[in-house]
> 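One structure, as structure tokens, below. Some questions next.
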Amino acid sequence: MQQKRNIQIIEWEDLDKRKFYSFGVFMTMTIRATVYPATLIRTRLQVQRGKSLYGGTFDAFVKILRAEGVRGLYRGFMVNTFTLISGQAYITTYELVRKYVSQYSEDNTVKSLVAGGSASLVAQSITVPIDVVSQQLMMQGQGEHLTRFRLNSTAEAGKSKKVFGQTRNIVAQIFAADGFRGFYRGYVASLLTYIPNSAVWWPFYHFYAEQLSKLAPSDCPHLLLQAMAGPLAAATASTITNPMDVVRARVQVEGRSSVIDTFRQLIKEEGYWGLTKGLSARIISSGPTAIVMVVGYESLKKLSLRPELLDSRHW
């Protein structure tokens, strides 16, 4: 017997799509700008051998800030903004698949699991080429000796052309070395990382929200409970999928072709603890990300409600 939900979920058919997409772009951009430094740090930690460059998340933050300044924490950010497209594709796919699955099952866990995995499949097909380029840019500076491609002096010259000059330089090097396939290096590893991550995150998010709603006073705002559930779900999903995320980062940055060989070499060189590399940075970034995303996404859905439904939801 299905348990009654205490927190009412705003479904796809309840939304004014024009408002939804307009507000969605702003929300996605804000989230990405907020958490990008942690993403860059996580990538460098995962790619380094042992602790050859940084001793941990905080050490990496301090060293990058001292050696490269604030701009160093945002290397590759302009390229990464193109993932706005995949962000919109993700939320659209998630909502549409939830609606489709609801025809066959009313179980919220099933709907969230299938929709989350499907959304990640679509989004990663768009995101991987952008990630490949942005990760190479992230590794420039202190981490450039760990990557296959390095910026030449021409790409560094001229402030007005610096950002896009660097991007063109890296894109040209990737294409010259690997052809078009080079932009999808690590695609399988990305799918093996982000499909489970997304598929796990949504069911745990709704689960934690429901458990919190049973403990909280009846007049407690749902948005507060959801904001608490988001980081819990993010930490759970990050812990489960981090081993594959380490492998994905190395495949994409080092230019490896085999996920299995990369996994074996990682275990051989650094033991099973190597599978936890970057986990603290990932949780640190995913916690605030989850809060911003949940508050932003649930607020976005509330703001995008069709006018006739505005008074029907407990906020």
Side-chain angles (χ1 to χ4, degrees), residues 9-32 35-36 39 76 79-105 107-135 180-206 230 233-234 237-238 240-241 244-245 247-249 251-252 259 282 285-286 289-290 292-294 296-298 300-301 304:
I9 297 174
I10 299 174
E11 302 288 3
W12 180 250
E13 58 270 19
D14 301 330
L15 301 174
D16 179 328
K17 310 305 186 294
R18 185 168 56 87
K19 290 182 179 179
F20 183 72
Y21 286 114
S22 298
F23 293 134
V25 170
F26 175 76
M27 181 198 76
T28 304
M29 186 67 180
T30 302
I31 292 172
R32 293 191 186 284
V35 305
Y36 190 81
T39 302
V79 177
N80 196 261
T81 58
F82 286 100
T83 55
L84 284 171
I85 301 169
S86 64
Q88 297 305 300
Y90 180 93
I91 58 178
T92 300
T93 303
Y94 177 78
E95 294 294 346
L96 287 175
V97 172
R98 269 187 68 91
K99 181 180 178 182
Y100 177 78
V101 175
S102 65
Q103 300 175 25
Y104 302 93
S105 173
D107 188 285
N108 193 51
T109 300
V110 173
K111 289 192 288 185
S112 300
L113 185 73
V114 176
S118 301
S120 189
L121 173 62
V122 172
Q124 285 306 305
S125 299
I126 302 170
T127 300
V128 168
I130 301 170
D131 274 350
V132 168
V133 176
S134 67
Q135 284 178 342
F180 181 76
R181 290 182 63 183
F183 296 100
Y184 273 91
R185 186 174 294 279
Y187 178 62
V188 173
S190 291
L191 294 182
L192 293 175
T193 301
Y194 291 114
I195 289 179
N197 186 83
S198 183
V200 167
W201 192 95
W202 287 102
F204 270 109
Y205 165 60
H206 291 298
S238 295
I240 292 171
T241 61
M244 202 63 234
D245 194 40
V247 174
R248 175 198 61 80
V251 167
Q252 291 181 331
V259 172
R282 197 173 177 205
S285 67
S286 67
T289 302
V292 174
M293 189 191 82
V294 166
Y297 188 60
E298 296 296 346
L300 169 66
K301 291 171 78 174
S304 303

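This one's a predicted model, so the numbers in the text were calculated from it and none came from an experiment.
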> Salt bridge (Lys or Arg N to Asp or Glu O under 4.0 Å) with Arg185: which residues, sequence neighbours excluded?
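Counting only residues at least two positions away or on another chain, Arg185 forms a salt bridge (Lys or Arg N to Asp or Glu O under 4.0 Å) with Asp178.
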> Could you work out, with side-chain contact (heavy atoms from CB on, under 4.5 Å) as the rule, every residue matching Ser120, not counting sequence neighbours?
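Applying side-chain contact (heavy atoms from CB on, under 4.5 Å) to Ser120 gives Tyr90, Gln124, Tyr194, Ile195, Ser198.
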> Just to verify, what does Glu95 make a side chain to side chain donor-acceptor pair (under 3.5 Å) with, not counting sequence neighbours?
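Glu95: side chain to side chain donor-acceptor pair (under 3.5 Å) contacts with Tyr297, Lys301.
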> Is there a donor in the side chain of Ser125 and an acceptor in the side chain of Tyr187, or the other way round, less than 3.5 Å apart?
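Yes, side-chain donor-acceptor contact under 3.5 Å.
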> Less than 4.5 Å apart, any side-chain heavy atom of Met293 and any of Trp201?
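Touching, per the 4.5 Å side-chain cut-off.
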> Let's go through Arg248 and Leu192 carefully: what are the C-alpha distance in whole Å and the side-chain angles of both, what is the deciding distance for side chain to side chain contact (heavy atoms under 4.5 Å, CB included) to 0.1 Å, and is it a yes or a no?
CA-CA 9 Å; Arg248 175 198 61 80; Leu192 293 175; over 6 Å; no
> Return each pair, listed once, that meets salt bridge (Lys or Arg N to Asp or Glu O under 4.0 Å) where at least one residue sits in residues 124-133; pairs must be two or more places apart or across chains.
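Not a single pair qualifies under salt bridge (Lys or Arg N to Asp or Glu O under 4.0 Å).
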> Once salt bridge (Lys or Arg N to Asp or Glu O under 4.0 Å) is applied, what residue pairs with a partner in residues 80-91 remain, sequence neighbours excluded?
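Sorted result for residues 80-91: empty, none.
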> Please name all residues satisfying side chain to side chain donor-acceptor pair (under 3.5 Å) with Gln135, sequence neighbours left out, ordered by chain then number.
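Gln252.
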> Roughly how far apart are Leu113 CG and Asn108 CG, rounded to 0.5 Å?
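Taking CG in Leu113 and CG in Asn108, the distance rounds to 11.0 Å.
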> Check for me whether the distance between the ring centres of Tyr100 and Trp12 falls short of 6.0 Å.
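For Tyr100 and Trp12, the ring centres are not under 6.0 Å apart.
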> For the pair Lys111 and His206, evaluate side chain to side chain contact (heavy atoms under 4.5 Å, CB included) and give the outcome as yes or no after the intermediate values.
CA-CA 11 Å; Lys111 289 192 288 185; His206 291 298; over 6 Å; no
> Look up atom OH in Tyr36 and atom OG1 in Thr81, then write down how far apart they are to the nearest 0.5 Å.
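Here the rounded value is 9.5 Å.
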